[in-house]
Novice: 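Mind having a look at this structure? Questions to follow.
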Amino acid sequence: MLFNLFKKDKEKKDNPNQPITLRIREVVRETPEAVTLYFEQPEPYLDYKPGQFLTIILHLDGKEQRRSYSLCTSPFVDPFPGITVKRLSGGLVSNYLNDHMHPGKKLSILPPMGNFVADYHSKHQYHYGMIAAGSGITPIMGLIKSILINEPESKVSLLYGNRREDQIIFYHALDELSKKYQGRLQIVHQLTQPGPQWKGAKGRIVKDNLENFITQLEKSGAADTRYFLCGPEGMMELAKGTLEETGVPNSRVVLEHFHLEKKEESTAEEITDTPITQPVTVFLEGQAYTFDVSPDKTILEAGLEEEIDMPYSCQSGLCTACRGRLISGEVHMDEDAGLSENEIQDGYILCCSSRPKGGEIKINIE
Ligand SMILES: Cc1cc2nc3c(=O)[nH]c(=O)nc-3n(C[C@H](O)[C@H](O)[C@H](O)COP(=O)(O)OP(=O)(O)OC[C@H]3O[C@@H](n4cnc5c(N)ncnc54)[C@H](O)[C@@H]3O)c2cc1C
Ligand code: FES
């Protein structure tokens, strides 16, 4: 059955900055460390693209916490939207969501966002290369389901790394998909610490594996290839470098970072010769807000202190929830991994990692 959830109440656009409430319908334990939370459809239905993420807003120990979680479902296939959360050792929200969720519980979320998405067309004859590790499979699962149902002549190859058999999220669901779409979905599981029964690929995903995987795809005779990468930073860097060396243009590669090791923050002196507090004007939902930003603050931090309802999620330059366009002035971005080269050229900045550099800084948040 094909669910076209995009149709419902299309005119009423969700305000990306306005939290909505979702009620948990089902909690599915995928692995000892990962849980999928399926939500009841709100009214109007949740309007999302496969590969996008939700921002979960929790109040824990009196403090607001926001975290991004990718939708693992496809609006073309799945009647209910879901996210999959993997525990992070010592992680506050990932453990809370693994331990304290039950059907009927309500969660506050920001509507779907993100650019880890594909354009589907029934005439496409693409070969998609999906490279994932651990929880990186989450957005890729939604993409795979959507491609297989919307593009009958496209193929998907998945290279998926994990530690052990019992840590493979969606192992059975992926297996069923590969049987249902025989010849169109190929899966290579690779484990670093497999048990004695494991007959599949072993070891870390290294350059050799990536070269083989990419070369086979490039030789597949497909009209076009597209790559989607989501996993730990090291694997993503390696895969990105290997794609570049193989001659695959960046325009055919889409990346989703869940986490990056924090770069050392630039000092005020490195950013500007005159490290002083500067005024910044932000245009948000038809209103202009002018506030001061001191050299030790990002524009988002300063705006939130002024109780301006600026959008944000990860606060680490990855998810683009805080994206704005610089109309005038100059800023310094500590982290811009969430933005594409085109977005940077078009003047987009991330308020959560931007600090004033000079000029009359004006930012339009769309
Ligand atoms: C766009 C986007 C989509 C995401 N989708 C998913 C998803 O589908 N499933 C999922 O499980 N997670 C996803 N994440 C990661 C998620 O948002 C949280 O960062 C993660 O759950 C950790 O939150 P926490 O509160 O448990 O850890 P925290 O308490 O915030 O962090 C604990 C420590 O771990 C470090 N850390 C934080 N995240 C990571 C990480 N991923 N790897 C290594 N170290 C880390 C922190 O720097 C800190 O030192 C996504 C992130 C982004 C930006
Ligand atoms: S809040 Fe995620 S990039 Fe700024």
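Throughout, residue positions are numbered sequentially from 1 according to the sequence presented. Counting convention: from 1, in listed order, for ligands and their atoms alike. Only this structure's heavy atoms are used, side chains among them; waters, hydrogens and symmetry mates stay out.
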Novice: Starting from atom 26 (O) of ligand 1, what is the nearest protein heavy atom, named by residue and atom, and what distance separates them?
Specialist: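 The answer is Ser94 OG, 2.6 Å.
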Novice: If I compare all heavy atoms of Thr55 with all of Ser313, which pair ends up nearest, and what's the gap?
Specialist: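 Minimum heavy-atom separation between Thr55 and Ser313: OG1-OG, 2.9 Å.
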Novice: Check this for me: does any side-chain nitrogen of one of Glu211 and Lys207 sit under 4.0 Å from a carboxylate oxygen of the other?
Specialist: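 Yes, Glu211 and Lys207 are salt-bridged.
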Novice: Judging by distance only, is a nitrogen or oxygen of Asn95 under 3.5 angstrom from one on ligand 1?
Specialist: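 No, Asn95 has no N/O under 3.5 Å of an N/O on ligand 1.
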Novice: Show me which atoms of ligand 2 lie under 4.0 Å from any heavy atom of Gly317.
Specialist: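 Listed by number with element: 3 (S).
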Novice: If we count only N and O atoms by modelled type, under 3.5 Å, do the side chains of Thr36 and Glu30 hold a donor and an acceptor together?
Specialist: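 Yes.
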Novice: Of all the non-hydrogen atoms in the protein, which one sits nearest to atom 11 (O) of ligand 1, and at what distance?
Specialist: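 Of the protein heavy atoms, Lys86 N, 2.8 Å lies nearest.
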Novice: Any idea which of Thr84, Val85, Thr138 brings a heavy atom closest to atom 9 (N) of ligand 1?
Specialist: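 Answer by nearest heavy atom: Thr84.
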Novice: Considering Leu88, Ile169, Asn98 one by one, which has a heavy atom nearer to atom 31 (O) of ligand 1 than any of the others?
Specialist: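 Result: the heavy atom closest to atom 31 (O) of ligand 1 is in Leu88.
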Novice: What's the shortest distance from atom 27 (O) of ligand 1 to any protein heavy atom, and which residue and atom give it?
Specialist: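 Scanning the protein heavy atoms, the shortest distance from atom 27 (O) of ligand 1 goes to Gly91 CA, 3.3 Å.
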Novice: Do you see a donor-acceptor pair shorter than 3.5 Å between the side chains of Ser157 and His127?
Specialist: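 Per modelled atom types, Ser157 and His127 side chains form a pair under 3.5 Å.
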Novice: If the threshold is 4.0 Å, N to carboxylate O, is there a salt bridge linking Lys297 and Glu305?
Specialist: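 Counted as a salt bridge, because a side-chain N and a carboxylate O are separated by less than 4.0 Å.
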Novice: Please determine whether residues Phe213 and Ile168 belong to a single hydrophobic cluster, defined as Ile, Leu, Val, Met, Phe, Trp and Tyr linked transitively by side-chain heavy-atom distances below 4.5 Å.
Specialist: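 Not linked; separate clusters.
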Novice: Considering only non-hydrogen protein atoms, determine which one is nearest to atom 52 (C) of ligand 1 and report residue, atom name and distance to 0.1 Å.
Specialist: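 Here the nearest protein heavy atom works out to Ser68 CB, 3.6 Å.
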Novice: Give the atom numbers and elements of ligand 1 that come within less than 4.0 Å of a heavy atom of Ser70.
Specialist: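 Reading through ligand 1 atom by atom, the close ones are 3 (C), 4 (C), 5 (N), 6 (C), 7 (C), 8 (O).
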Novice: Would you mind running through ligand 2 and noting each atom that sits below 4.0 Å from a heavy atom of Cys322?
Specialist: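 Reading through ligand 2 atom by atom, the close ones are 1 (S), 3 (S), 4 (Fe).
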Novice: Out of Tyr69, Phe116, Phe53, whose heavy atom sits nearest atom 10 (C) of ligand 1?
Specialist: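 Among Tyr69, Phe116, Phe53, the closest heavy atom to atom 10 (C) of ligand 1 comes from Tyr69.
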Novice: Mind checking whether Leu300 contacts ligand 2 via backbone (N, CA, C, O), side chain (CB onward), both or neither, at a 4.0 Å heavy-atom cut-off?
Specialist: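 Looking at Leu300 and ligand 2, no heavy atom falls under 4.0 Å.
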Novice: In terms of heavy-atom contacts, does CD of Gln186 have more than 12 from other residues, nucleotides or ligands at under 6.0 Å?
Specialist: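 12 or below, so no.
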Novice: Between Tyr128 and Glu151, is the side-chain hydrogen bond (donor to acceptor under 3.5 Å, both in side chains) condition met? List the steps.
Specialist: CA-CA 11 Å; Tyr128 292 87; Glu151 300 191 354; 2.9 Å; yes
Novice: Give the numbers and elements of all ligand 2 atoms closer than 4.0 Å to a heavy atom of Leu318.
Specialist: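 So the answer, numbered in order with elements, is 3 (S).
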Novice: Between Lys145 and Ser74, which heavy-atom pair has the shortest distance, and what is it?
Specialist: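 Lys145 and Ser74 have their closest heavy atoms at CB-CB, 4.0 Å.
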Novice: Counting backbone and side-chain atoms alike, does Cys314 have an N/O/S atom under 2.8 Å from atom 4 (Fe) of ligand 2?
Specialist: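 Within the cut-off used here (under 2.8 Å), Cys314 places no N, O or S atom near atom 4 (Fe) of ligand 2.
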Novice: Can you list the atoms of ligand 1 that are under 4.0 Å from a heavy atom of Val93?
Specialist: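 That gives atoms 24 (P), 25 (O), 26 (O) of ligand 1.
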Novice: Establish, yes or no, whether the cationic atom of Arg325 lies under 6.0 Å from the six-membered ring centre of Tyr348 and within 45° of the ring axis.
Specialist: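 Positive - Arg325 is close enough to the ring of Tyr348 and near enough to its axis.
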Novice: Quick check on contacts: which atoms of ligand 2 are under 4.0 angstrom from a heavy atom of Thr320?
Specialist: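 Every atom of ligand 2 under 4.0 Å from some heavy atom of Thr320: 2 (Fe), 3 (S).
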Novice: Applying ring-ring contact (aromatic ring centres under 6.0 Å, His included), run through Phe116 and Phe228 and close with a yes or a no.
Specialist: CA-CA 8 Å; Phe116 194 65; Phe228 287 84; 5.4 Å; yes
Novice: Return the residue, atom name and 0.1 Å-rounded distance of the protein heavy atom closest to atom 41 (N) of ligand 1.
Specialist: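 Minimum-distance protein heavy atom for atom 41 (N) of ligand 1 reads His259 CB, 3.3 Å.
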Novice: I'd like to check which ligand 2 atoms, numbered from 1 as shown, lie under 4.0 Å from a non-hydrogen atom of Gln315.
Specialist: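 That gives atoms 1 (S), 2 (Fe) of ligand 2.
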Novice: Looking only at protein heavy atoms, which one is nearest to atom 23 (O) of ligand 1, and how far off is it?
Specialist: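 The closest one turns out to be Arg67 NE, 3.4 Å.
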Novice: So for His257, does at least one of its heavy atoms come nearer than 4.0 angstrom to any atom of ligand 1?
Specialist: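 Yes, that is the case, since the closest heavy atom of the residue is under 4.0 Å from the ligand.
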Novice: Mark the output for Gly338 as yes if a heavy-atom distance to ligand 2 is under 4.0 Å, and as no if none is.
Specialist: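 Judged by the 4.0 Å heavy-atom criterion, Gly338 does not count as contacting ligand 2.
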Novice: If I compare all heavy atoms of Ala173 with all of Met141, which pair ends up nearest, and what's the gap?
Specialist: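 Reported closest heavy-atom pair: CB-CE, 3.7 Å.
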Novice: Looking at Arg87 and Asp99, is any side-chain nitrogen of the basic one under 4.0 Å from a carboxylate oxygen of the acidic one?
Specialist: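 The answer is yes: the pair qualifies as a salt bridge.
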Novice: Hey, are Arg164 and Asp166 close enough for a salt bridge, meaning a charged N less than 4.0 Å from a carboxylate O?
Specialist: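 Result for this pair is yes, salt bridge flagged.
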Novice: Counting only heavy atoms on the protein side, is anything nearer than 4.0 Å to atom 49 (O) of ligand 1?
Specialist: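 No, there is no protein heavy atom closer to it than 4.0 Å.
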Novice: Answer yes or no: does an N/O atom from Leu92 fall short of 3.5 Å to an N/O atom of ligand 1?
Specialist: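 Yes, Leu92 has an N/O under 3.5 Å of an N/O on ligand 1.
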Novice: Could you tell me which atoms of ligand 1, counted from 1 in the order shown, lie closer than 4.0 angstrom to a heavy atom of Glu256?
Specialist: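 Selected atoms, number and element: 1 (C).
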Novice: Answer side chain, backbone, both or neither: which part of Cys319 comes under 4.0 Å from ligand 2, heavy atoms only.
Specialist: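 It is both parts that get close, each with some atom under 4.0 Å.
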Novice: Take Tyr120 and Phe76 through the test ring-ring contact (aromatic ring centres under 6.0 Å, His included) and record every step on the way to the result.
Specialist: CA-CA 11 Å; Tyr120 307 98; Phe76 303 106; 5.6 Å; yes
